[in-house]
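Below: one structure, written as structure tokens.
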Amino acid sequence: MAATFEKARSTATADSGKNLLQVSALTMHFPLTQGIIFQRQVGAVRAVDGIDFFVEKGETLGLVGESGCGKSTTGRAILQLYKPTAGSVRFEGTELTTLGGEQMRRMRRKMQMIFQDPYASLNPRMTVGNIIGEPIEVHHLASGKAKTERVQELLRIVGLNPYFTNRYPHEFSGGQRQRIGVARALAVEPEFIVADEPISALDVSIQAQIINLLEELQAKFQLTYLFIAHDLSVVRHISDRVAVMYLGKIVELSDRQELYEKPLHPYTQALLSAVPIPDPAIEQKRKRIILTGDVPSPVNPPTGCRFHTRCWKAQEICSEVDPEFIEHSPRHWAACHFPG
Amino acid sequence: MSAAGQAVLSAPAVEPRRSAAGLWSDAFYRLRRDRTSIVALAVLALIVLLALGADALATSFFHESFTHQDLLESYDPPSLAKPSLWLGTDEIGRSQIVRLLYGARVSLAVGAGAGLIDLTVGIAIGLSSGYFRGWWDDLMQFLISTLNSIPALFLLLFISVLFSPGPVTIVAVIGFLTWSGIALYVRGQTFSLREREFVTAARVVGADDLRVMVRHILPNVLPLVIVLAAIDVGQAILIESALSYLGLGIDPPTPSWGNMLQNATQDLTLGPWLVWGPGLAISVTVLCLYLAGDGIRDALDPRLRGTE
């Protein structure tokens with residue numbers, strides 16, 4: 001197992017000079033315990049099970065996969081909201097997994113997060129001004145009048161009325177709330193933002209607005225995004241590169257164009273074939289790959305390739321050997337015994 | 001930038017609200033418009049003022065001290081003949097209304113003191129054990145279950161042997177007896193709140209544990225805790241009367257609403273009016289505390305903000 005990580009790391013860490021974020025062999029297991037006083041571990045939810053990737057400065061890396069595959073856990077483990085079980089997360093060369101609480105708190109000026117649910121992620125008893133002002137206060141960036149002005153400027157940046165500072169979250173619509181969440185993330189002028197399904201809780205009509213806002217902000221402030229989503233068309237629109245996750249592993253990682261045109265991993269192929277095409281003629285002719293069975297449990301993942309239980313290409317080797325994450329063509333990695 | 005720019009232009013014109021912004025100033029603003037709470041707070045303030053001015057009132061208006069006995073005037077029913085007889089006299093002829101005024105001092109002090117201990121200890125332990133969990137929580141749970149499993153009366157007797165009776169002891173003992181309820185409530189709420197996404201968001205932003213607890217979790221549990229504390233204050237006033245009965249309370253000549261009520265129940269057939277004063281005083285105080293607590297809870301909930 002360790003040997004696999006080693007090899008994968010060497011391949012997935014190509015030009016490390018440009019990399020803002022470097023994730024190696026990141027593993028996040030949530031222990032399952034039994035017993036009241038003498039707790040013993042009876043197993044673990046292997047939410048993220050050894051993944052390697054890097055994020056280059058200024059790019060958007062899309063992270064897609066079914067629900068429960070470990071996308072959000074990956075994002076949170078990168079930000080050290082969970083303490084990773086193993087592996088390393090390097091941000092601008094600094095190893096985050098070993099940072100102390102106070103040092104990590106300071107690092108948070110550089111890395112922020114936008115949450116999925118704009119209703120749950122804003123404290124109902126705080127005014128918008130206090131919500132957006134909190135990061136400014138915590139990191140001593142401004143105080144008094146300067147802080148108020150900064151909050152108003154941030155509201156303006158995300159397209160909200162600067163006079164909204166004294167209002168409470170419940171007075172806003174979902175889209176407006178998500179803008180408040182974006183403003184809070186921007187308050188510390190971060191370099192890197194983990195966007196954890198930032199639009200999946202919003203109305204379809206609002207989704208495009210938020211996507212456009214995120215793109216504008218990226219251009220304006222040279223932001224780097226890790227964009228977590230399960231909507232393939234949205235990821236295709238916003239990402240420079242895309243990583244596909246299945247059951248705690250990244251199965252394919254490549255430049256966007258390449259991934260959507262020449263997917264190597266059968267799981268990616270199946271996912272892409274499920275995206276409807278808004279053209280009845282093509283829609284009638286196109287071939288859909290329907291996967292059978294359920295996603296196996298991350299407590300007890302299948303041996304060998306984790307996808308072999310649902311894969312139409314699976315052979316004997318697939319259930320025995322875990323395929324390595326190999327660079328099949330430049331900047332295109334996949335973990336499959338029979339790619340293409 | 002174009003979309004964002006347009007959004008600003010198309011946003012409806014809103015007036016900037018009052019310059020003060022924040023949960024507490026907003027709550028105060030809302031509380032001022034809540035008539036029930038204002039009346040309740042006014043009555044409480046009046047009771048406090050009367051208690052503070054007991055000396056002046058007793059000498060210049062009632063012309064009677066709370067210790068003055070007159071066996072010839074025992075069990076005088078209430079009459080308007082003179083101010084000191086408004087609520088009648090007790091079994092040794094002491095003016096009931098004067099004793100009620102002085103009793104307010106003890107009862108209010110005990111209620112407020114015990115309520116304060118109750119709130120601070122309950123919130124501190126509830127928040128910290130709910131937030132940090134682990135061995136600290138286990139220890140506190142052990143302590144609370146142990147405390148709750150010992151009958152209160154036994155505990156009171158035990159403490160009365162260990163400590164010399166006095167106002168400070170009483171406040172400490174009552175606070176010690178009541179904090180576990182608030183601690184358990186706060187702990188439970190903290191368990192659920194700490195997993196909420198806005199708490200995660202605060203941590204992402206860089207807030208430390210103390211800030212998360214005080215700025216994010218506490219304001220979400222405080223409103224109901226205030227109501228619970230208001231009920232506990234009423235409880236404390238009643239516990240004080242039980243303690244007095246056990247000899248751990250206020251020494252007999254000094255009146256408290258509790259020991260007056262205790263006293264009155266023994267002479268119910270001879271002087272039924274003796275129950276009215278302390279009974280009404282306790283009920284009104286507890287009712288006003290409850291109403292005010294309720295009003296504060298509503299005022300602290302921005303979602304209930306009415307028209308402005």
Side-chain angles (χ1 to χ4, degrees), chain A residues 37 76 79-81 101-102 104-109 111-113 115-117 119-131 134-135 137-139 148 155-171 179 181 184-185 187-188 194 208-209 212-213 216-217 219-220, chain B residues 1-27 29-30 134-135 138 141-142 193 195-212 215-223 299-305 308:
Chain A
I37 297 171
R76 282 163 195 242
L79 291 178
Q80 306 299 308
L81 290 171
E102 186 55 34
M104 188 58 218
R105 230 168 52 73
R106 258 178 257 134
M107 277 307 277
R108 299 199 186 281
R109 262 203 73 177
M111 37 203 327
Q112 280 298 311
M113 183 162 179
F115 291 87
Q116 174 177 11
D117 184 348
Y119 291 87
S121 59
L122 304 178
N123 190 336
R125 293 186 196 271
M126 276 169 95
T127 61
V128 170
N130 285 339
I131 289 171
E134 180 160 42
E137 221 174 281
V138 164
H139 295 287
T148 318
L155 281 171
R156 220 173 281 127
I157 288 172
V158 298
L160 291 173
N161 193 314
Y163 288 134
F164 283 160
T165 47
N166 285 358
R167 306 210 163 188
Y168 289 89
H170 72 272
E171 297 175 72
R179 285 174 193 267
R184 169 173 60 190
V188 291
V194 174
Q209 288 181 17
N212 290 341
L213 174 70
E216 276 163 27
L217 295 173
K220 203 169 165 189
Chain B
M1 192 57 221
S2 64
Q6 275 171 5
V8 172
L9 289 180
S10 60
V14 283
E15 292 294 308
R17 290 217 177 118
R18 296 163 294 101
S19 61
L23 192 64
W24 293 103
S25 57
D26 278 349
Y29 182 83
R30 264 169 272 147
W135 66 268
D138 290 344
Q141 282 310 108
F142 169 74
L193 286 166
E195 303 300 333
R196 296 270 292 275
E197 211 151 80
F198 65 78
V199 169
T200 312
R203 288 174 56 206
V204 168
V205 146
D208 52 23
D209 290 336
L210 187 69
R211 189 184 176 92
V212 169
R215 298 290 296 271
H216 291 273
I217 296 178
L218 186 58
N220 283 285
V221 288
L222 200 57
L300 279 170
D301 190 345
R303 278 161 295 195
L304 293 176
R305 172 145 75 181
E308 272 199 50

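Order of the sequence lines sets the chain letters (A, B, ...), proteins ahead of strands, with each chain counted from 1.
For A:Arg76, the part lying near chain B is the side chain, with the backbone staying farther off; criterion is any non-hydrogen pair under 4.5 Å. In this structure, the portion of A:Glu137 lying under 4.5 Å from any heavy atom of chain B is its side chain and not its backbone. Of the two parts of B:Asp209, neither the backbone nor the side chain holds a non-hydrogen atom closer than 4.5 Å to a non-hydrogen atom of chain A. At a 4.5 Å heavy-atom cutoff, the contact between A:Met126 and chain B is made by side-chain atoms alone. Both the backbone and the side chain of A:Leu81 come within contact range of chain B, each with at least one heavy atom under 4.5 Å from a heavy atom of that chain.
Judged by distance alone, the side chain of A:Arg105 and the main-chain N or O of B:Ala207 form no donor-acceptor pair under 3.5 Å. The backbone N or O of B:Val204 lies less than 3.5 Å from a partner atom in the side chain of A:Gln112, making a donor-acceptor pair. Looking at B:Arg196, its side chain never comes within 3.5 Å of a backbone N or O of A:Ser121 through a donor-acceptor pair. Between the side chain of A:His139 and the backbone N or O of B:Val205 there is at least one donor-acceptor pair closer than 3.5 Å.
Comment: B:Arg211 engages A:Glu134 in a salt bridge, judged by a side-chain N to carboxylate O separation of less than 4.0 angstrom.
When the candidates B:Glu197, B:Arg203, B:Arg215 are compared by the number of heavy-atom contacts under 4.5 Å with chain A, B:Glu197 comes out ahead. Counting heavy-atom pairs closer than 4.5 Å to chain B, the top-ranked of the candidates A:Val138, A:Leu79, A:Thr148, A:Val194 is A:Val138.
Nearest heavy-atom pair across B:Asn220 and A:Arg125 is OD1-NE, 3.3 Å. The minimum heavy-atom distance linking B:Phe198 with A:Leu122 is given by the pair CB-C, 3.7 Å.
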